[in-house]
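In this chain, numbering begins with 1 at the start of the sequence shown.
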Amino acid sequence: MKLSPKLSLVLLAATESATKSAASGWADHPRQLSYANVAGYQPDSQVTDQCAIDLDQAAIEDQLALQTLESFQNARRIYNQGGNSKSYALINLANGLACSISKGEIITGMNAEGNEISGEAYEDYEAGTVAVKVQYPTSDIQESYVECRVGALAETRLEGCFMAVGELSIYGRQYLYTYYPAMDNRNGRTIAGFSTGARAKMLDCASCPYQDFKFFYDYYGRDDYAHQFVEAAFDGATTSFANGNADFSQYGFEGRRQAIELGTVYLSIFMYVIRQFEDAVDGCNEGRYDTHAWDEGVCFYTGSLEGRDGAGSGKLLHQLADNRCTNFKTCDVEGSDLDGMAKLNYDVFDLFAVGNFQLQRGSCADLRNTVGIITSKMYIPMIQGALRYAFKVDKLSGGEKGKAEGAVYAAAILPRVHAVSPNAAAIIYDNMKVGASSTDVQTVKYAFETVYADIGISCAEVGGLWSYGDNNYYPGMEPCIEMDQSASSPPTGNPTPSQSVLTTTGRPSNSAITEAPTTSSLSIVDGDMSTMTSIPSTSIDAKNTTASPLIITVEGVVYYPNFSNEVCLDDGEFPPNSPEEHLFQNATQCCDTHFPTNMEACLQARVPTASATPPGAKDWYPDYDNDTCKNKNDEQEGGLEIDFFDTHEECCEFGPINTEKCLQALNVNADDGIGSDDDFEVLDSDASKHTISMANALTLSLLMILIYHF
């Protein structure tokens with residue numbers, strides 16, 4: 001793996017930030033360069049055994065692919081018992097130990113061919129102990145890192161294992177022993193163990209809880225959430241979480257297969273990678289500048305199958321990033337290609353090298369910051385995966401496989417989103433959970449985009465979902481755009497980054513628009529136009545439109561949901577690429593749509609509009625206590641001081657008011673339609689008519705703009 005051109009500059013900055021005392025301490029920690037690279041990263045300790053955890057993942061996937069009851073049970077045993085990492089023999093001595101021995105003490109014996117094996121004590125043992133675990137030796141060469149691999153594997157490797165009956169040499173003493181090579185050669189490192197051991201290593205340790213693990217623990221309500229998720233998928237059962245439950249009884253073999261083989265990596269291994277980096281920070285803060293925990297984190301991210309240069313085909317998070325970059329056009333060093341290594345991998349491997357450098361020099365504060373950046377970036381492929389499968393399910397009628405994959409990607413990011421915005425997390429979960437009744441990819445996309453900044457990632461890093469057939473982004477799936485939205489007036493001419501704009505993306509529609517109004521509250525600024533373009537009055541078929549980013553400006557007041565604070569705002573700073581369905585002409589409709597359980601707080605907390613109300617407009621406000629609307633010139637009694645509407649009828653139609661009773665106050669028959677000039681009709685797929693008020697015209701007007709443009 002080639003490093004990006006930024007690395008030398010980053011290393012220089014890291015050098016300058018290191019303290020003199022840490023630098024002098026480095027003299028006692030010379031760097032050894034004899035270990036094989038891990039996808040381009042140079043470890044300073046032997047981690048071939050740790051990297052081999054991806055071989056367990058590969059074995060699990062091989063069994064799941066057979067899709068039989070027996071193969072699923074085989075996969076489950078490998079998940080729980082392992083087979084490729086931290087191999088040891090459980091030996092039964094004929095006589096107990098003559099004295100106590102310490103973990104790591106050399107123990108030698110013979111294999112079936114009569115060749116010597118030199119292992120070591122797996123843990124401390126007291127004198128008199130009969131059952132002893134002897135860990136097999138590992139080498140610096142990844143291809144032959146250990147010669148005994150059994151565990152729960154279907155295909156075992158026994159030539160490097162102790163013979164069934166023989167003698168062990170411990171402290172110069174000979175001990176007769178027996179054991180069953182096919183059953184008693186086991187593994188101390190398993191994918192299940194990453195989750196079942198999480199409480200001690202991520203929640204209850206001296207410097208715990210680790211921040212990102214706490215996000216997941218708070219959301220799911222269990223420290224072994226990853227293990228519970230995978231086990232429920234094996235059983236075809238329902239999880240018992242505080243949030244984010246999954247009912248796998250709705251899936252057959254294919255859906256459960258996806259939930260298992262993705263859940264093992266994206267939930268279990270993912271968090272353990274972060275844990276290893278956190279452990280390295282802890283060691284640094286305690287004056288231990290050893291890089292072993294850091295090196296392990298890189299191995300658990302990458303695996304052994306990627307090879308020394310990262311050009312292989314792996315099973316873990318490195319491969320995930322490479323897979324998703326081909327979908328979101330975020331490959332290569334600049335993140336603008338459709339093939340090659342993911343820009344994310346270039347970035348994080350630069351950071352892996354920087355972190356190693358900072359750790360060995362005792363720059364603990366800088367290392368803490370580096371871990372935070374790495375962790376934020378690791379969420380990017382989870383978001384990309386969730387968006388990809390939300391699109392497949394919504395637009396391409398994805399089946400059980402796609403739905404299951406989307407559900408796992410969502411499960412891997414929901415706790416992080418929830419830590420920023422519980423409402424955004426609820427929206428994503430409702431659209432992507434196992435058994436979701438429907439999926440709206442634009443709603444999911446918008447919910448994600450509202451939390452990018454808080455997670456610490458950008459629109460460019462996530463990219464957009466690419467259509468190879470069209471050689472362009474799928475309509476509505478273009479990358480969002482970060483812009484400074486501090487401007488108070490609508491932009492004209494060619495937009496600049498300082499202008500307050502909303503970027504929309506040419507979303508297709510399956511509806512035909514008829515009886516369109518001749519005017520609209522929206523205008524369009526094309527990049528090649530210097531004047532505002534109005535919307536023509538026409539009937540348009542919106543099907544099969546082609547996407548191209550447009551800059552939309554809004555005349556008048558527009559409310560949008562702020563998911564972090566669960567309020568609706570009209571400050572003109574709506575997020576870029578906001579879906580039309582998230583923009584409203586009044587706070588009541590916005591709050592009722594997005595925060596119905598927090599309606600009163602949402603309305604009271606909103607930011608007052610900064611734009612002046614046109615003379616003679618918005619004279620009516622809702623009186624919730626009496627299910628009616630009043631004129632602002634009347635004395636207000638009860639209710640909340642909130643939105644004003646142009647007409648009595650429009651006021652009655654929105655909010656938690658009995659519309660029919662409200663309209664009857666002016667002898668208006670609700671069943672005959674409001675009859676206002678601000679109403680128009682839209683034909684749905686069944687050709688039945690629905691009256692849509694002007695408050696919903698924003699959505700349809702945006703669509704018309706896009707169609708007119710093309």
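- A salt bridge is absent between D290 and R288; no separation between the charged side-chain nitrogens and carboxylate oxygens falls under 4.0 Å.
- In the model, K201 has a side-chain atom that pairs as donor or acceptor with a side-chain atom of Y272 under 3.5 Å.
- Using a 4.0 Å cut-off between charged nitrogen and carboxylate oxygen, E278 and R368 count as a salt-bridge pair.
- Under the 4.5 Å side-chain criterion, counting only non-hydrogen atoms from C-beta, V265 is in contact with L317.
- Atom CD1 of residue I427 and atom CG of residue L414 lie 11.5 Å apart, to the nearest 0.5 angstrom.
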Q.
Between Q81 and T190, is the side-chain hydrogen bond (donor to acceptor under 3.5 Å, both in side chains) condition met? List the steps.
A. CA-CA 6 Å; Q81 300 172 29; T190 68; over 6 Å; no
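- The two residues G340 and C331 come nearest to each other via the heavy atoms O-SG, 3.9 Å.
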Q | Worked verdict on S87 versus Q135 for side-chain hydrogen bond (donor to acceptor under 3.5 Å, both in side chains) | A | CA-CA 6 Å; S87 298; Q135 186 170 346; over 6 Å; no
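- Residues S467 and N472 fail the side-chain proximity criterion, which asks for heavy atoms closer than 4.5 Å.
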Q.
Checking Y122 against V132 for the side-chain contact (heavy atoms from CB on, under 4.5 Å) test, could you report, in this order, the C-alpha distance in whole Å, the side-chain angles of both residues, the deciding distance, and whether it holds?
A. CA-CA 8 Å; Y122 190 87; V132 177; over 6 Å; no
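- Between E334 and K343 there is no salt bridge, since no side-chain N of the basic residue sits under 4.0 Å from a carboxylate O of the acidic one.
- The existence of a salt bridge linking D124 and K103 is excluded, since no basic side-chain nitrogen approaches an acidic carboxylate oxygen closer than 4.0 Å.
- Using modelled atom types and a 3.5 Å distance limit, the side chains of S195 and D224 yield no donor-acceptor pair.
- With hydrogens and angles ignored, the 3.5 Å screen pairs a side-chain donor or acceptor of S268 with a backbone N or O of I191.
- With hydrogens and angles left out, the side-chain atoms of N185 and Y136 include a donor and acceptor closer than 3.5 Å.
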**Q.** R416/I455 under side-chain contact (heavy atoms from CB on, under 4.5 Å): CA gap, chis, key distance, verdict
**A.** CA-CA 8 Å; R416 185 65 187 90; I455 292 176; 4.0 Å; yes
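- Scanning all heavy atoms of the two residues, the minimum distance from Y225 to L267 falls at OH-O, 3.9 Å.
- Test Y429, Y220, Y219 against H418 for ring pair (Phe, Tyr, Trp, His ring centres under 6.0 Å) and you get one pass: Y219.
- Here the closest heavy-atom approach between residue G456 and residue S376 is recorded as O-CB, 4.1 Å.
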Donor-acceptor pairs are to be reported for all side-chain atoms of residues 299-306 against protein atoms at under 3.5 Å, with residues two or more places apart or in another chain.
from : atom 1 : to   : atom 2 : distance (Å)
Y301 : OH     : N345 : OD1    : 2.7
T302 : OG1    : V298 : O      : 2.8
S304 : OG     : D54  : OD1    : 2.8
S304 : OG     : D54  : OD2    : 3.4
E306 : OE1    : H318 : ND1    : 3.4
E306 : OE2    : G314 : N      : 3.3
E306 : OE2    : H318 : ND1    : 3.3
E306 : OE2    : Q319 : N      : 3.4

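- The structure places CG of N37 at 9.0 Å from CG of D309, a figure rounded to the nearest 0.5 Å.
- With a 4.5 Å cut-off on side-chain heavy atoms, I117 and T108 do not count as touching.
- Side-chain rings of Y379 and F270 approach one another, their centers coming within less than 6.0 Å.
- One distance of note links CG of N84 with CG of D56; it measures 4.5 Å at 0.5 Å rounding.
- Summarising the geometry of Y289 relative to G362, their closest heavy-atom pair is CE2-CA, 3.5 Å, with the distance given to 0.1 Å.
- Using a 4.5 Å cut-off on side-chain heavy atoms (C-beta onward), Y473 and P479 make contact.
- In this structure, the separation between SG on C325 and CD1 on I380 is 12.0 Å, given to the nearest 0.5 Å.
- Under the 3.5 Å distance criterion, with hydrogens and angles disregarded, a donor-acceptor pair is assigned to the side chains of Y41 and N356.
- The shortest side-chain heavy-atom distance between V462 and L387 falls under the 4.5 Å cut-off.
- Looking at residues two or more places apart in sequence or on another chain, you find a salt bridge (Lys or Arg N to Asp or Glu O under 4.0 Å) between R76 and E231, D235.
- With contacts defined as side-chain heavy-atom distances shorter than 4.5 Å, the pair C480/Y452 qualifies.
- Counting non-hydrogen atoms of other residues, nucleotides and ligands closer than 6.0 Å to CD of E155 gives a total of 12 or fewer.
- Considering only heavy atoms from C-beta on, L320 comes within 4.5 Å of M382 through its side chain.
- To the nearest 0.5 Å, the span separating NZ on K445 from CD on E478 amounts to 7.0 Å.
- Ring centroids of F216 and F241 are separated by 6.0 Å or more, keeping the two rings apart.
- A cation-pi arrangement is absent between R275 and F277 under the rule of less than 6.0 angstrom and at most 45 degrees off the ring axis.
- A donor and an acceptor atom, one from each side chain of D282 and Y210, are located under 3.5 Å apart.
- The main-chain N or O of S139 is found under 3.5 Å from a side-chain atom of T48 such that the two form a donor-acceptor pair.
- The shortest non-hydrogen separation linking F391 to M477 is CD1-CG, 3.5 Å.
- Side chains of Q360 and D44: a donor on one and an acceptor on the other come within 3.5 Å.
- A salt bridge links E159 with R157: at least one charged nitrogen is closer than 4.0 Å to a carboxylate oxygen.
- D366 and Q358 form no side-chain donor-acceptor contact under 3.5 Å, judged by distance and modelled atom types alone.
- A donor-acceptor pair shorter than 3.5 Å cannot be found between the side chains of S85 and Q50.
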(Q) What verdict does the side-chain hydrogen bond (donor to acceptor under 3.5 Å, both in side chains) test give for Y409 and R324, after you've listed the backbone C-alpha separation in whole Å, the side-chain angles of each residue and the deciding distance to 0.1 Å? (A) CA-CA 12 Å; Y409 278 109; R324 294 290 78 83; 2.5 Å; yes
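- At a cut-off of 3.5 Å, with distance as the only test, a side-chain donor of Y171 or E105 sits close to an acceptor on the other residue.
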**Q.** Criterion side-chain hydrogen bond (donor to acceptor under 3.5 Å, both in side chains) on D295 and S45, from CA distance to verdict
**A.** CA-CA 7 Å; D295 294 342; S45 61; 2.7 Å; yes
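- By the side-chain hydrogen bond (donor to acceptor under 3.5 Å, both in side chains) test, Y79 pairs with H227, sequence neighbours left out.
- Remark: side-chain polar atoms of S458 are paired, donor with acceptor, to backbone N or O of E461 under 3.5 angstrom.
- Residue M202 holds its CE atom at 12.0 Å from OG of S207, rounded to the nearest 0.5 Å.
- A404 and Q258 make their closest contact through CB-CB, 3.9 Å (heavy atoms, listed as atom of the first residue, atom of the second, distance).
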